Amino acid sequence: VYGSDQIKFAPEIMLPMVSSVKEVYLVKDMIDQVTETIPRHQGHLVRYKLGVMVETPRAVLKSGELASASSFLSFGTNDLTQMTYGLSRDDSGTFMRDYIDHKIYAEDPFRSLDIDGVGELLRLASDRSRESNPNIKLGICGEHGGDPNSINFCKNIGLDFVSCSPYRVPMARLGATRAISS
């Protein structure tokens with residue numbers, strides 16, 4: 001947006017459940033067709049940043065390709081955890097306490113990031129993404145974005161941002177403060 005009393009920014013558009021870079025290019029072409037019509041109506045050029053939600057194991061494996069076509073990637077850890085474990089977050093509530101009590105899992109992987117499993121996927125995706133696009137911004141979104149231990153892990157693998165639901169923001173701030181000061 002142009003004008004002395006207006007803020008200039010590039011909108012960020014994030015594509016969910018992407019599993020192929022071809023999807024990114026297809027949707028980018030659609031967005032470009034729309035944004036190209038705006039200057040005629042509004043008198044200015046619209047620039048935007050395009051990002052991708054990495055929410056499936058396949059998207060993790062293809063993260064280098066996805067990063068080459070994106071300004072940012074956001075790892076959707078809720079869905080990635082469900083697909084990695086093959087468990088529904090809603091259904092796991094009926095037995096997760098028993099799994100934790102029997103030490104099958106140390107914590108509920110839907111509340112605190114499973115560093116050894118899902119975390120390894122995030123590390124792999126982060127490395128592949130930065131190899132392909134050193135300027136890419138990487139982060140997570142989902143409930144793990146409000147968990148201090150998960151935030152610390154994200155800092156350790158070089159992620160740039162976390163996002164979470166509003167009620168988890170106080171814990172996210174605490175986690176970010178702890179991660180920065182460590």
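Keep in mind that this is a model prediction, so the values were computed, not measured.
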(request) Kindly indicate whether the side chain of F110, heavy atoms from C-beta on, has any atom under 4.5 Å from the side chain of E143. (result) no
(request) Of all the heavy-atom pairs spanning A67 and L73, show the shortest one and how long it is. (result) CB-CD1, 4.1 Å
(message) Just verifying a value: how many Å separate H144 NE2 and I151 CD1, rounded to the nearest 0.5 Å?
(response) 11.5 Å
(message) Would a single hydrophobic cluster contain both F72 and Y48, if residues Ile, Leu, Val, Met, Phe, Trp and Tyr are joined by side-chain heavy-atom contacts under 4.5 Å?
(response) no
(request) Could you state whether V52 and V21 fall into the same hydrophobic cluster, counting links through intermediate Ile, Leu, Val, Met, Phe, Trp or Tyr residues with side-chain heavy atoms under 4.5 angstrom apart? (result) yes
(request) Quick one: do K22 and D29 satisfy salt bridge (Lys or Arg N to Asp or Glu O under 4.0 Å)? Show the steps, please. (result) CA-CA 11 Å; K22 291 178 183 179; D29 287 344; over 6 Å; no
(request) State yes or no: do M17 and Y85 share one hydrophobic cluster built from I, L, V, M, F, W and Y residues joined by side-chain heavy-atom distances below 4.5 Å, directly or via other members? (result) no
(message) For the OG atom of S70 and the CD atom of E65, what is their distance to the nearest 0.5 Å?
(response) 11.0 Å
(message) I'd like to know if L174 and I180 are part of one continuous hydrophobic network [Ile/Leu/Val/Met/Phe/Trp/Tyr, side-chain heavy atoms within less than 4.5 Å].
(response) no
(message) Looking at every heavy atom in both P57 and M83, which two are closest together, and how far apart are they?
(response) CD-CB, 3.8 Å
(message) Any non-hydrogen side-chain atom of C154 less than 4.5 Å from a side-chain atom of F161?
(response) no
(message) As an exercise, state the distance from CG of L66 to OG of S132, rounded to the nearest 0.5 Å.
(response) 9.0 Å
(message) Could you walk me through whether I136 and S71 satisfy the side chain to side chain contact (heavy atoms under 4.5 Å, CB included) test, starting with their C-alpha distance in whole Å, then the side-chain angles of each, then the deciding distance to 0.1 Å, before giving a yes or no?
(response) CA-CA 5 Å; I136 191 128; S71 298; over 6 Å; no
(message) Using every non-hydrogen atom in the two residues, find where K49 and A10 come nearest and quote the distance to one decimal.
(response) CG-CB, 4.3 Å
(request) Measure from the side-chain N and O atoms of D160 to the backbone N and O of L138, and report whether any donor-acceptor pair falls under 3.5 Å. (result) yes
(message) Quick check for you: to the nearest 0.5 Å, what is the distance between S150 atom OG and R168 atom CZ?
(response) 7.5 Å
(message) I'd like to know if R128 and E131 make a salt bridge, using a cut-off of under 4.0 Å between side-chain N and carboxylate O.
(response) no
(message) Taking V60's backbone N and O only, do any of them form a donor-acceptor pair with S63's side chain (distance below 3.5 Å, no angle check)?
(response) yes
(request) State, with a plain yes or no, whether a side-chain heavy atom of L61 is found less than 4.5 Å away from one of L124. (result) yes
(request) Decide yes or no for N78 and Q82: does some side-chain heavy atom of the first lie under 4.5 Å from some side-chain heavy atom of the second? (result) no
(request) Find out if a path of hydrophobic residues (ILVMFWY) with successive side-chain heavy-atom gaps under 4.5 Å connects V24 to M30. (result) no
(message) Any non-hydrogen side-chain atom of C164 less than 4.5 Å from a side-chain atom of V169?
(response) yes
(message) Closer than 3.5 angstrom, by distance alone: can the side chain of T37 be matched with the main-chain N or O of V34 as a donor-acceptor pair?
(response) yes
(message) Between R130 and G158 (side chain of the first, backbone of the second, donor and acceptor by atom type, cut-off under 3.5 Å), is there such a pair?
(response) yes
(message) Could you check whether D32 pairs with K28 (Lys NZ or Arg NE/NH1/NH2 to Asp/Glu carboxylate O, under 4.0 Å)?
(response) yes
(message) As an exercise, state the distance from CE of M53 to OG1 of T77, rounded to the nearest 0.5 Å.
(response) 8.5 Å
(request) Identify the heavy atoms of G145 and A172 that sit nearest to each other, and give their distance. (result) O-CB, 3.4 Å
(request) Determine the minimum heavy-atom distance between V18 and T56, stating which atoms define it. (result) O-OG1, 4.3 Å
(message) Are I31 and L50 packed together at the side-chain level, in the sense that at least one heavy-atom pair is separated by less than 4.5 angstrom?
(response) yes
(request) Nearest 0.5 Å please: distance from the CG atom of L122 over to the CG atom of L159. (result) 6.5 Å
(message) Take a 6.0 Å sphere around NZ of K137 and say whether it holds more than 12 heavy atoms from other residues, nucleotides or ligands.
(response) no
(message) Looking only at side-chain N and O atoms, does N133 offer a donor or acceptor that is under 3.5 Å from a partner on S68?
(response) no
(message) Measuring only between side-chain heavy atoms, which start at C-beta, is S20 closer than 4.5 Å to K62?
(response) no
(message) Which heavy atom of L113 sits nearest to which heavy atom of D147, and what is that distance?
(response) N-OD2, 4.2 Å
(message) Counting C-beta onward and ignoring hydrogens, is there a side-chain heavy-atom pair between F75 and E55 closer than 4.5 Å?
(response) no
(request) Quick one: sort the Y105 and Y99 rings into parallel, tilted or perpendicular, breaks at 30° and 60°. (result) tilted
